[in-house]
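Every heavy atom of this structure was used, including side-chain atoms; hydrogens, water molecules and symmetry mates were not. So that the names make sense, note that chain A is the first sequence line, chain B the second, and so on, each numbered from 1.
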Amino acid sequence: MRADRYNFAAAEPKWQQTWEQNQVFTTGSREDRQKYYVLEMFPYPSGRIHMGHVRNYSMGDVIARFMRAKGYDVLHPMGWDAFGLPAENAAMQGKKHPAEWTYANIATMRGQLKALGLSLDWSREIATCDPAYYKHQQKLFLDFLRAGVVDRKQSKVNWDPVDQTVLANEQVIDGRGWRSGALVEQRDLTQWFLRITKYSDELLSGLDSLDRWPEKVRLMQRNWIGRSEGLLARFALDTPVGEAREIEVFTTRPDTLFGAKFVALAPDHPLSHKVAEKDPLLAAFIEECHKGGTSTADIETAEKKGYDTGLTVAHPFDPEWRLPVYVANFILMDYGTGAIFGCPAHDQRDLDFARKYHLGATPVVCPEGVDPGTLVIGDEAFDGEGRLVNSRFLDGMTIAEAKEEVARRLETTDLFGRPQGARKVNYKLRDWGVSRQRYWGCPIPIIHCESCGPVPVPDADLPVTLPEDVSFDQPGNPLDRHPSWKHVACPCCGKPARRETDTMDTFVDSSWYYARFTDPKNTAEPASHAALSRWLPVDQYIGGIEHAILHLLYSRFFARAMRDSGHGDVSEPFAGLFTQGMVVHETYRAADGAWVSPAEIRIEGGEGGRRAYLLSDGTEVAIGSIEKMSKSKKNTVDPDDIVATYGADTARLFVLSDSPPDRDVIWSDEGAQGAWRFVQRLWRITGELGRVAAPGGAAAPAEFGPAALDLRKATHRTVAAVSENIERLRFNSAIARIREFVNELTSALDAVTETPVNADLAFAFREAAEALIRLVAPMTPHVAEECWADLGCAGLVATAPWPVADPALVAQDLITLPVQVNGKKRAEILVAHDADEASVRAEALKQEAVQRAMEGKPLKKFILVPKRIVNVVV
RNA sequence: GCGGACGUGGCGAAAUUGGUAGACGCAAGGGACUUAAAAUCCCUCGGCCUUGGCCAUGCGGGUUCGAGUCCCGCCGUCCGCACCA
């Protein structure tokens, strides 16, 4: 007896078990087929999954199931980005070991993901905190070291005083730590660096080949790498300061050299410090510069300030021409050389500075068509195109010509035995400092020996595992405090030595996990060459836009560093990238301003608008703005609750259907109920279709009547449209087409007056029913299996091939053409799809409405866009 | 400040990429079934007038037989970067 309602609570676990038992989603059994690697950004095991995960993994799952049905050998794995600070924070508060906390979270979240029915190959599951994983990361680190991609150097680092660790530049946002939000301090520390800058040019030019990446992400990376071409130029000091006889500046505008009015140094420039030793006022000025905040607001409002050192330098093209040397607060030590020459007429910052210290502004570039004599610089510097003026031998040249000429001359003139200038390409990208003073991360496999220096841990001794007996009762690094862990013998000389106690930035863990998934059980190496060549690059990667720079740039770098140290030959790890939107929700606030969660309220609708009331005592709460789901605003919806109430299919369908995937989707209970209704409707219509459909496998009749033909056309058009929409990742449109098809099927069923129906119609219903189930299966796989079985179809829909649209049935033979008169639609005509222009024209002009709109005027022009539109111009 | 994206009914959106604007859904209103409710089904649903029209894709221009789509100028919202020489 067929149930009236689809019972998801029974069906979902049943099908999940069936898939698992039959190993439907295990990869690698179809080596003869073309591969497809679909990957979603793996989660941090924070405790529970959230709706963002549901959306992310539902999208990946649609693609995985679709490509599997299309006959590809699909790799769709899942793992855990399992190292990180929250585990240590939890350890400090809850006295639970980070490993225990992390693995408990993984167990919970794995269960939650499994309840969603994702077609994942769980046999490839990895966790980055597993020694079996980080062993290979340590190996990679040492291979990188040998390949010259690892560096150890002292540098100014961003120190997060709350998390008590170092942050990479990419992890500092508006001068604050990306995780703690604390104001970052500058400290001098010796650090391990990954030399990402070695690949600056390659990472930049590689972006051009990533045509399946969002333009936005490519642009962000381009800007982050920040390539600029310029010139290093050396200015001789009139009076040497100690050893220093010159100042070297970097400029992208060497053409404006004759407009120079001053030279300025960064407060932390070595020369600034040198002069400050004998000039207490300068020392005080530098001190003041350090105080200035680095937040957005501070920088915007910061006044350009300088200190005249009293030093002067000679102009490179005129030894008699003196320029004053300032120390200025707006010069950055870590870009270029930390020194500039200022050309106020053509640079706004230089102009602001020059106005303040009365240094003048001589224009040297004059826009085309302007009389140089009338050229005056007001409050705005001129940075447009033009020709050189007031510039001696450069006069009359274009900017490009002048740049070239200045570079050529300075390269061939001598200063203190070296060319005075040199062309230089500069980047904003910095090397990636990976040392972190934390416990819960991958140990850096190095041993420090007093006589041998830093020595790599021999491969045979890998992995260097974390000690388990550590305490978190005081700040700082537990590894450093551990009584015995760091004391080891030097692998070189055998003398007592000390382990590196820093661990790696957790972004290292996620920079190569996609490669590990290709060969997750390999104990000898990170992944075999064969596995890497078979599976990389990832064909479709899906995740949040928040990783546009950090994770995606690091991964692109890692692929190249792996390539250059003998691990595979892939440069770009992700051929296709899709950045999905967030799941957002309304916020609710009680009268006292406290946030209220959606679970605590009920909504009442009506023509007066929606109002929200507390369930507990019925008092009204204010409906606030729609925001990203967050614990602090309590506007979260727990996926577990949704799965328990509506089932996984409903949750999946809703996050896919309401908005385009790259835009935010607004979670609402009404929307979820809409998805729920559709899941039930699928079950109901399958039952109705089953009653009129031919048995599975029935042969096609020789001829089809009009009703059967119409139905078949609807089916094949839907198949074509849904396939295209999924291919283009437009899941919302795919679902809309399926819903439309269900509406069409309902009408077709209504038209059935007597049963059994004719064989041709029965066949068409069978075809429609099976197509419908296969089309919805990627989105709502459980109800699809249930319907598939209900229709008596063989096997599982999860392993059924994707339906193929017959082009003959997709094409229309009769088409409705709108007829416009002077661009306004006046009528519609029904014509054969291949009707010639003359007959279409005759038919169009025959229309009464067309004649009326023509008002008896003669036809000027007749436009026919085949299969689109007719336009009559009078 | 620089760079980018976007702006369509009450709401989320669609529009074959220059060719019937509003598919599909949510909300709302009306009706059927029911003792009642739930569920389900049917109808209406951009605005304005009298059938038939007119006006409508942020605003103002332009190109075109034809513009939501292309171009120019505004307005607004969101995102990224940020004293980068």
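- Summarising the base pairing, B:C41 is matched to B:G31 through a Watson-Crick or G-U wobble pair whose two defining distances lie under 3.5 Å.
- OP1 or OP2 of B:C26 lies within a sub-4.0 Å distance of a side-chain N or O belonging to A:Arg677.
- The pairing partner recorded for B:G3 is B:C79, the criterion being a Watson-Crick or G-U wobble arrangement whose two distances lie under 3.5 angstrom.
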Please write out each protein N/O paired with an N/O of nucleotides 18-24 of chain B under 3.5 Å, distance rounded to 0.1 Å.
from	atom 1	to	atom 2	distance (Å)
B:G19	N2	A:Gln820	OE1	3.4
B:U20	O2	A:Lys825	NZ	3.1
B:U20	O2	A:Glu828	OE2	2.8
B:U20	N3	A:Glu828	OE2	3.4
B:A23	O2'	A:Glu740	OE1	3.4
B:A23	O2'	A:Glu740	OE2	3.4

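- For the pair A:Arg349 and A:Phe330, the cation does not sit on the ring face, since its NZ or CZ is not both under 6.0 Å from the ring centre and inside 45° of the axis.
- A distance of 6.0 Å or more separates the ring centres of A:Tyr646 and A:Phe654.
- Within 4.0 Å of A:Arg717, counting heavy atoms only, lies no atom of the nucleic acid at all.
- With hydrogens and angles ignored, no donor-acceptor pair under 3.5 angstrom links the side chain of A:Lys860 to the base of B:C65.
- A 3.5 Å limit on both hydrogen-bonding distances identifies no Watson-Crick or G-U partner for B:U57.
- Look at A:Arg222 and you won't find any side-chain N or O under 4.0 angstrom from OP1 or OP2 of B:G3.
- Within the 4.0 angstrom heavy-atom criterion, base atoms lie near A:Arg730.
- Heavy atoms of A:Gly226 sit nowhere under 4.0 angstrom from any nucleic acid atom.
- Nearest-nucleotide assignment on RNA chain B puts the 5′-proximal partner with A:Ser659, out of A:Lys861 and A:Ser659.
- Residue A:Lys824 places at least one side-chain N or O under 4.0 Å from the OP1 or OP2 atom of B:C55.
- OP1 or OP2 of B:A13 sits under 4.0 Å from a side-chain N or O of A:Arg663.
- No salt bridge links A:Glu688 with A:Arg684; every basic N to acidic carboxylate O contact stays at or beyond 4.0 Å.
- If you look at A:Phe258 and A:His315, their ring centroids are closer than 6.0 Å.
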